[in-house]
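Input: a single structure, listed below in structure tokens.
For the numbers below, each heavy atom of this structure counts, side chains included, while hydrogens, waters and symmetry mates do not.
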Amino acid sequence: MAAKKVPDFTRNPWIVRDGPLPGLARKAVSLIPLPVRRQAFFLYRHHRFFPRRPRTFSEKVQWRILHDRRDIIAVGGDKIAMKEYVAGLGLDLGIPRTLWHGEDLRAVQDHDWGCEWVLKPVTGSGYALFGSGSLRGSGTDLDEVGRWRADDAHRIYGEWHYSRSRPGFLLEQRIPTRDGASPDDYRFFVFGGRVHVVQVDTPRVAKVQRRFYTRDWAPLDVRLTGMDLAAAVPPPPTLERMVELAERIGAAYDFIRVDLYDADGTVWFGELTPTPGGGLPPFDPPEFDLELGRQWELPALGRRGRG
């Protein structure tokens with residue numbers, strides 16, 4: 001069978017580059033109607049358009065991006081709001097302490113925070129810096145941080161919940177571990193208040209590796225395009241507790257990914273993710289995408305909740 005030709009307008013690496021021309025390109029892309037834009041991005045990654053009646057998980061993520069405007073979805077676009085949401089549930093887990101948030105990093109660059117910290121944008125994903133003491137003392141390049149494009153998730157990719165976030169940056173205390181390394185990251189796919197699969201990202205290697213497991217920790221030979229498949233590992237001692245916490249955190253959602261950390265036996269909250277990967281990275285095998293889609297019952301939205 002001949003390979004499907006992907007139209008050139010969906011080949012978008014130039015969108016993520018710096019400089020005046022990519023900046024103009026991003027501006028032009030942002031003016032394209034959102035349904036057309038999402039179809040183009042989906043075509044680029046999946047080599048097909050998504051249908052009006054979604055069936056797979058990736059297709060249902062597109063539906064959420066285009067239509068779901070509920071307040072509870074907006075929580076997942078603001079890292080401070082999601083911590084406040086989880087804190088309000090009164091659960092027994094660690095929540096990284098917010099040291100500071102605001103827009104003017106230069107005003108606090110010489111403040112010694114007295115601990116190891118993580119600097120992130122309040123919205124978006126994919127950007128983080130680690131340090132200790134003061135920003136200046138840690139060698140933080142504020143000009144480089146100012147070039148972070150965290151709002152591309154909304155302005156370019158149209159993920160509405162990120163547009164509801166407050167602006168600026170977040171400094172939070174880094175999750176402590178005995179050896180000082182990053183804790184393992186467990187990402188729970190919660191459908192209707194029940195964990196169906198767990199995605200495990202292992203950061204203690206040169207390149208992050210990923211593995212999916214069932215809620216009972218049976219390893220799955222499933223990949224997301226571009227990610228190395230991690231070797232299967234035994235379940236963490238905190239698995240039962242993390243599943244319980246993820247289900248309680250995700251109880252109000254038809255679907256949410258709840259990210260938790262296990263740091264030497266202590267469970268910490270990470271993030272809430274309403275639209276993992278924007279539904280763009282393909283699953284291999286594709287049948288897994290359909291299996292996840294079967295778990296997700298989309299809500300019937302009234303006028304207030306529908307975009």
Checklist entry - Should Asp68 and Arg70 count as an ion pair when the cut-off is N to O under 4.0 Å? => result yes
Item to check | Heavy-atom closest pair, residues Pro96 and Gln173 | outcome: CB-O, 3.8 Å
Checklist entry - When you measure from the side chain of Asp201 to the backbone N and O of Asp185, does any donor-acceptor pair fall under 3.5 Å? => result no
Next on the checklist: Between Asp151 and Arg149, does any side-chain N to carboxylate O distance fall below 4.0 Å?
Outcome noted: no
Checklist entry - Would you call the rings of Tyr157 and Phe41 parallel, tilted or perpendicular, where under 30° means parallel and over 60° means perpendicular? => result tilted
Checklist entry - So does Arg210 have more than 12 non-hydrogen atoms from other groups sitting under 6.0 Å from CZ? => result yes
Next on the checklist: Closer than 4.0 angstrom, basic N to acidic O: yes or no for Arg164 and Glu159?
Outcome noted: no
Checklist entry - Between Pro176 and Trp268, what is the shortest heavy-atom contact and its length? => result CD-CZ2, 3.8 Å
Next on the checklist: Does atom CG (Asp92) have a neighbourhood of more than 12 heavy atoms from anything else shown, all under 6.0 Å?
Outcome noted: no
Next on the checklist: According to a hydrophobic-cluster definition based on side-chain heavy atoms being under 4.5 Å apart (Ile, Leu, Val, Met, Phe, Trp, Tyr only), do Met227 and Phe189 belong together?
Outcome noted: yes
Next on the checklist: Please tell me whether Phe212 and Phe191 are part of a single hydrophobic cluster in this structure, the criterion being side-chain heavy atoms less than 4.5 Å apart.
Outcome noted: yes
Item to check | For Leu99 against Cys115, the heavy-atom pair lying closest together | outcome: CD1-SG, 3.8 Å
Next on the checklist: Between Asp284 and Arg223 (salt bridge meaning N to carboxylate O under 4.0 Å), is one present in this structure?
Outcome noted: no
Next on the checklist: Could you check whether atom CD of Gln109 has more than 12 heavy atoms from other residues, nucleotides or ligands sitting under 6.0 Å from it?
Outcome noted: yes
Checklist entry - With no hydrogens and no angle check, is any side-chain donor or acceptor of Lys120 less than 3.5 Å from a backbone partner on Leu170? => result no
Checklist entry - Can you name the ring-ring contact (aromatic ring centres under 6.0 Å, His included) partners of Trp296, sequence neighbours left out? => result Phe57, Phe255
Checklist entry - Is there a donor-acceptor pair closer than 3.5 Å between any side-chain N or O of Lys79 and the backbone N or O of Thr123? => result yes
Checklist entry - Is any NZ, NE, NH1 or NH2 atom of the basic residue among Arg52 and Glu59 found under 4.0 Å from an Asp or Glu carboxylate oxygen of the other? => result no
Item to check | Which atom of Met82 lies closest to which atom of Gly77, heavy atoms considered | outcome: CE-N, 4.4 Å
Checklist outcome for this item: Here the pair of heavy atoms bringing Ala232 nearest to Pro219 is CB-CB, 3.9 Å
Checklist outcome for this item: For Tyr253 and Val75, the nearest pair of non-hydrogen atoms, with its separation, is OH-CB, 4.0 Å
Checklist entry - Do the charged groups of Asp289 and Arg55 touch, with an N to O distance under 4.0 Å? => result no
Checklist entry - Do any N or O atoms from the side chain of Thr177 and from the backbone of Ala181 form a donor-acceptor pair under 3.5 angstrom? => result yes
Checklist entry - Looking only at side chains, do Ser182 and Arg174 share a donor and an acceptor under 3.5 Å apart? => result yes
